[in-house]
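Both backbone and side-chain heavy atoms feed into the values below; hydrogens, waters and symmetry mates do not. Just so it is clear, the model here is predicted, and its values are computed rather than measured. Letters A, B, ... mirror the listed sequences (proteins, then strands); counts begin at 1.
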Amino acid sequence: MLDIIKSRRSIRHFLETPIPTEILYSLLEAARWAPSGGNNQPWLFVIIRERANIHKIKMFSPGLQGDPSALLVLCSDGPAEGTTAIMDISMAAQNVLLTATERGLGSCVIRSFNQSAVQSLLHLPSHVMPELIISLGYPAKPARISSRRPIEELVHWETYGGRSDE
Amino acid sequence: MNSDKFESGMISLVCFLAVSARGLVDEPKVYGPMRLMEATHKLIDLAKDCGMRHELLTEVAKRIGEFPLDALPEDEEEFIRFMDDLVMFLATWVGRSDSTRKDNGKED
């Protein structure tokens, strides 16, 4: 699992190869088994595969780069404010990203899009709001190398400033 | 000029700019110049798609296309240096060009 977590990257250059429906279902299965506060499962998912529809969403999503084969839009279903909905949806997104990586897909999470415009384009009812978009496709080139801050800088044992003896 | 391509390209670009403007209110500061660089590239692509060729624009698009815009904001300082270089490249070109010649820099 740690290998998959570490090999995931934000991919923005995709091949035109379509994604088999069975693989898309595996991503959705991963999404719906994410943890959620009170098991509320406050989410809905929209898959977009038609090139023309992807283009329309792209027009209102400055953060969406490249030409993905599919988009997965993660939506809150009901009021998100004052609930754990956004955190739940974020965890569902991570499940999708890791499953995509495992299945050889590239992916990228996008928050830079106009929620109201995408809501309108997808004909979503007023209580369903798009919160995140994941672009999906087979990578056209290897992912760039990424880095993370060292663990010693991030972790405190027992209390702030505490170090591990081991 | 292909008017259909121009029309659809312009609509896409207008959407990109307007949506970016609204989004940037809540987004990190570095996203602003990044979106403008992307828009510059899109504008040159549109001009090219509509049959316009110009050596300066071709070079600007090439430079922006080669810069890893998707690596931001990790490499913010490198991005600033890239924009400084691009601006100086433009200034040098404009300084050297003969603005009285209408075909200045146009490619066949």
Revision key, fill the gap. When rounded to the nearest 0.5 Å, the distance separating NE2 of His55(A) from OG of Ser8(B) is 6.5 Å

Review point. Quick one: does Met59(A)'s side chain get under 4.5 Å of Val19(B)'s, heavy atoms only?
Key: no

Exercise for review: Mind checking the OG-CE spacing from Ser112(A) to Met34(B)? Nearest 0.5 Å is all I need.
Suggested key: 7.0 Å

**Study point:** chain A contact via Ile11(B) - side chain, backbone, both or neither, heavy atoms under 4.5 Å
**Key:** both

Review point. Can Val14(B) be reached from Leu17(B) by stepping across I, L, V, M, F, W or Y side chains whose heavy atoms are under 4.5 Å apart?
Key: no

Exercise for review: Quick one: which of Lys56(A), His13(A), Gln115(A), Gln65(A) has the most heavy-atom pairs under 4.5 Å with chain B, could you say?
Suggested key: Gln65(A)

Review point. Can you get from Val109(A) to Tyr138(A) by hopping between Ile, Leu, Val, Met, Phe, Trp and Tyr side chains that sit under 4.5 Å apart?
Key: yes

**Study point:** hydrophobic_cluster_shared for Met88(B) and Ile64(B), side chain cutoff 4.5 Å
**Key:** no

Check your understanding: Are side-chain heavy atoms of Lys58(A) and Ser12(B) found at a separation under 4.5 Å?
Key -> no

Practice item. Can you establish whether the number of heavy atoms outside Leu154(A) located under 6.0 Å from its atom CG is more than 12? Key: yes

Check your understanding: Nearest 0.5 Å, what's the CD-CZ distance between Glu27(B) and Arg111(A)?
Key -> 9.5 Å

Practice item. Tell me, yes or no, whether the heavy-atom count around Tyr25(A) atom OH, taken from other residues, nucleotides or ligands under 6.0 Å, exceeds 12. Key: no

Exercise for review: Kindly check if the number of other-residue, nucleotide or ligand heavy atoms within 6.0 Å of CD (Glu153(A)) is above 12?
Suggested key: yes

Check your understanding: Considering all heavy atoms of both residues, which atom of Arg35(B) and which atom of Pro62(A) are nearest to each other, and what is their separation?
Key -> NE-CB, 3.3 Å

